[in-house]
Amino acid sequence: MRRFVPVIAALLMSTPAIAEPLHAIAMHGSPALAPDYQHFPYVNPDVKKGGRVTYGVVGTFDSLNPFILKSMGTTARGVWDTIFGNLIYEPLMVRSADEPFSLYGLLAESVEWDEDRTFVQFNLNPDAKWSDGQAVTPDDVIFSFELLRDKGRIPFSNRLAAVEKMEKVGEHGVRFTFSEKADRETPLILATATPILPRHVIDPATFDQSTLKPPVGSGPYRVKSVSPGERIVYERNPDYWGKDIPSKIGFDNYDQITVEYFLQENTLFEAFKKGEIDIYLEGSPTHWARAYDFPAVRNGDVVKDAFKPQLPTGMLGFVFNTRRSVFADVNVRAGLSLAFDFEWANRNLFEGAYTRTESIWQNSPLTSLGKPADDRELKILGPAKARIEPAVLDGTYRLPKTDGSGADRKVLRQAVDLLRKGGYTIKNGRMSDAAGRPLAFEVMTQTIDQEKLAIAYQRTLRMIGVDMSIRTVDDAQYQARSFKFDYDMIMKSYPASLSPGIEQLGRWGSAARDAQGSFNFAGTADPDLDRLIDAMLAARGEEDFEAAVRAYDRMLISGHYMVPLYHIPEQWVARRSYIGYPEALPLYGYQLNTWWDKRAQ
């Protein structure tokens, strides 16, 4: 018998440890809240539910199905929404807005995984129910992932790409076993970024068609009424299954939520002034400074709030569509970027309220600005180091500051020199290539503010012989052309978090370049970018992760895929005085789904 002991010991050592059910998981490190946590730290747990709120948005809608390509950009807000909250459908776990990337139980009351994250198992809360009273089951989870794979739009259709096997475990569990395509973020994406849909209600044959039929969901609200393109009203479900679980305490406080639609921003703001809208999310510093001198503000019925989140800046900019041959050369993109006079625009259009954005992760530990690449980064970059501009590599990179005249000759000369490297010279007053073809392109804009910026940019480009035309289109056309990549240049915003991950594949990855509906607006298809995204996703420790993001940041900066614009360090919100919010501000800033109607207290 003794001779079998080493064999048995070896078998025991090679057997993976049994995973223990966890109440929460984190991308790196451990979740901040213990298993016995009562609620998130940024909510008011004692708020009395009741009352109502009316939001306003610019645009239109003709569908209540946000998960299919036909409804992109035309789905009613709130069904599955990062701003107003997921009112109808829910994911398996919910993200804490006070941590970089930690998830806590929602439909899944616990989760299991191994150290290498080769699998993840979600154990459903036995109390989870659909709004029609039926139980949420593992079969619903499996059905949802398979249906979205077959009929959903990107990114929902890609969720199972790295899953080798999906199976029901016991009465309440669903286990996902991963293939080699998976990364360390994959289980977290499955947990929080995919809606769970009711198998007993949805017909797969018609799922990919737009519909205005009120859906059955597991979320805290039901659709009360729909006026296509004008208004959608949600009512709180008094029998909502999750109202007492810790991750939902302090949320979903209104009895009724209305979303009103407007064709123009000015019309929306006028409705807010009249009291028809309760909360106005402000994005213009000029408007914030000048537009709030009306009676409701003066008498205290409207309150202006400024919130300071602890987030990276993200990036707003004019995006080059590199699918167009005119933008194929990085020197051309770099030269055109220099021609935008931020100092002039900031002073003349925005009263100096903005700060220039130079990195997607600016104002955070993840940015490469001011930080020379260390050995860890250089190893991650590998041969791609040769493609990084020296100033970007050593951390001294900064966009040049102009004299604010709108015609800074020194900076424009640098722009012309870069365009010359890209094959263009000024001939008879026009920037032209060797064959005499002029450097000309069109920028598509959506709003008056975007158009003003484009006009300022256009004026400076004309000084160096570049012909940029401007086409302003309505919201529906803007969204449709965006998703089809039907533009030369477009204005887009790239939000940033402290836990960038798989969403970067959709924004900059090669596989997303030709996938209509993806967010790869620049049309990048670069093996080095793909490799750096992979390194970011594979990082286990915090130091490796930060080094990978900084290396990736340097590659994006050196690629000049955007004309960087600006950011503000605050979030601006105007509200009716009867709308209240918690005292604690989480890492990610204000959370509208934790606010309430004081009149109900």
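Between the side chain of N253 and the main chain of W595, a donor-acceptor pair closer than 3.5 Å is present. Although no hydrogens or angles enter the test, the distance criterion places a donor-acceptor pair under 3.5 Å between the side chain of S247 and the main chain of G105. R231 places no side-chain N or O within donor-acceptor distance of the main-chain N or O of S225, the cut-off being under 3.5 Å. Between the side chain of Q571 and the backbone N or O of Y590, at least one donor-acceptor pair lies under 3.5 Å. Panel note: side chain Q591, backbone G589; a donor-acceptor pair is recorded below 3.5 Å. A donor-acceptor pair under 3.5 Å links the side-chain atoms of N299 to the main chain of P295, judged by distance alone. Between the side chain of N86 and the backbone N or O of D81, at least one donor-acceptor pair lies under 3.5 Å. Distance alone, capped at 3.5 Å, is enough to place a donor-acceptor pair between the E185 side chain and the I502 backbone. Side-chain atoms of N348 come within 3.5 Å of backbone atoms of W344 as a donor-acceptor pair (strictly under, hydrogens ignored). Side chain of E503 to main chain of G501: a donor-acceptor pair is present (N/O by atom type, distance under 3.5 Å, no hydrogens or angles).
Minimum heavy-atom separation, W241 to N125: CZ3-ND2, 3.8 Å. Taking all atoms of both residues into account, the shortest heavy-atom contact from P215 to V223 is CD-CG2, 3.9 Å. Heavy atoms only, all atoms of each residue included: Y42 and A97 are closest at OH-N, 3.1 Å. Across S364 and K371, no two heavy atoms sit closer than the pair O-NZ, 3.8 Å. In this structure, I490 and M444 approach most closely via the heavy-atom pair CD1-CE, 3.6 Å. Residues R347 and G404 approach most closely at NH2-O, 2.7 Å, considering heavy atoms.
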From CA spacing to verdict: ring pair (Phe, Tyr, Trp, His ring centres under 6.0 Å), W508, Y494: CA-CA 11 Å; W508 305 101; Y494 292 78; 5.1 Å; yes

Working for ring pair (Phe, Tyr, Trp, His ring centres under 6.0 Å), residues F269 and H287: CA-CA 10 Å; F269 188 68; H287 199 258; 4.3 Å; yes

Side chain to side chain donor-acceptor pair (under 3.5 Å) assessment of E351 paired with T286: CA-CA 6 Å; E351 301 188 3; T286 304; 5.1 Å; no

Derivation of the ring pair (Phe, Tyr, Trp, His ring centres under 6.0 Å) call for Y561 and F320: CA-CA 6 Å; Y561 299 111; F320 299 105; 8.8 Å; no

CA sep, side-chain torsions, deciding dist, call: Y221, Y254, ring pair (Phe, Tyr, Trp, His ring centres under 6.0 Å): CA-CA 10 Å; Y221 288 85; Y254 304 106; 8.1 Å; no

Audit row: K70, Q209, side chain to side chain donor-acceptor pair (under 3.5 Å) steps and yes/no: CA-CA 7 Å; K70 289 182 180 179; Q209 302 299 312; 3.1 Å; yes

Verdict with reasoning, R298 to D293, per salt bridge (charged side-chain N to carboxylate O under 4.0 Å, His left out): CA-CA 7 Å; R298 291 194 293 269; D293 185 16; 2.6 Å; yes

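Annotation: the span from F318 atom CZ to L453 atom CG amounts to 5.0 Å, rounded to 0.5 Å. Between the CD1 atom in I83 and the CG atom in N593 there is a gap of 10.0 Å [rounded to 0.5 Å]. Going from atom OG of S405 over to atom CG of D341 covers 6.0 Å, rounded to the nearest 0.5 Å. To the nearest 0.5 Å, the span separating CH2 on W361 from CG on L369 amounts to 11.5 Å. The CZ atom of F342 sits 10.0 Å away from atom CG of L399, with the distance rounded to the nearest 0.5 Å. Remark: T267 OG1 to E276 CD distance equals 11.0 Å, nearest 0.5 Å.
Side-chain contact of E230 with S227: a donor-acceptor pair under 3.5 Å is absent, judged by distance alone. In this model, no donor atom of one side chain and acceptor atom of the other lie less than 3.5 Å apart for D449 and T447. Remark: the D408 side chain and the T402 side chain contain no N/O donor-acceptor pair separated by less than 3.5 Å. Between the side chains of S63 and T75, no donor N or O sits under 3.5 Å from an acceptor N or O. A donor-acceptor pair shorter than 3.5 Å cannot be found between the side chains of N65 and T211. A donor-acceptor pair shorter than 3.5 Å cannot be found between the side chains of Y578 and Q601. Neither side chain, T357 nor Q362, offers a donor N or O lying under 3.5 Å from an acceptor on the other. Residues N363 and T313 have side chains that never bring a donor and an acceptor to within less than 3.5 angstrom of each other. Counted by atom type alone, T74 and D62 present one or more donor-acceptor pairs between their side chains at under 3.5 Å. Counted by atom type alone, E451 and T445 present zero donor-acceptor pairs between their side chains at under 3.5 Å.
Around atom NZ of K452, no more than 12 heavy atoms belonging to other residues, nucleotides or ligands sit under 6.0 Å away. Atom NZ of K401 has 12 or fewer heavy atoms from other residues, nucleotides or ligands within 6.0 Å. Heavy atoms of other residues, nucleotides or ligands lying less than 6.0 angstrom from CZ of R471 number 12 at most.
With Y104 as reference, E99 is the one residue of E109, K248, E99 to meet the side chain to side chain donor-acceptor pair (under 3.5 Å) rule. The only member of Y588, W572, Y581 that meets ring-ring contact (aromatic ring centres under 6.0 Å, His included) when paired with F307 is Y581.
Within the cation-pi definition used here (under 6.0 Å to the ring centroid, within 45° of the axis), R95 qualifies as a partner of F101.
In this structure, Y566 and Y354 have parallel ring planes: the angle between them is below the 30° cut-off, well short of the 60° mark. Taking the six-membered ring for Trp and thresholds of 30 and 60 degrees, F521 and Y487 have ring planes inclined between 30 and 60 degrees apart.
Under a 4.0 Å N-O distance rule, the pair K304/E282 does not qualify as a salt bridge. The pair R576-D301 fails the salt-bridge criterion, with no side-chain N (NZ, NE, NH1 or NH2) lying under 4.0 Å from an Asp/Glu carboxylate O. Taking 4.0 Å as the cut-off between side-chain N and carboxylate O, D597 and R599 count as a salt-bridged pair. Under 4.0 Å is where a charged nitrogen must lie from a carboxylate oxygen, and between E358 and R398 at least one such pair does. Salt-bridge check for R575 with D278: failed, with every basic side-chain N at 4.0 Å or more from each acidic carboxylate O. A salt bridge is defined here as a Lys NZ or Arg NE, NH1 or NH2 lying under 4.0 Å from an Asp or Glu carboxylate O, and R481 with E442 meets this definition.
At least one side-chain heavy atom of P312 sits less than 4.5 Å from a side-chain heavy atom of L498. Taking the side chain as every heavy atom from C-beta outward, L103 and I25 approach each other to under 4.5 Å. Residues L587 and P100 have side chains in contact (heavy-atom distance under 4.5 Å, counting atoms from C-beta outward). Side-chain contact between F61 and V259: absent, with no pair of heavy atoms (C-beta onward) separated by less than 4.5 Å. Between W596 and I579 there is no side-chain heavy-atom pair separated by less than 4.5 Å.
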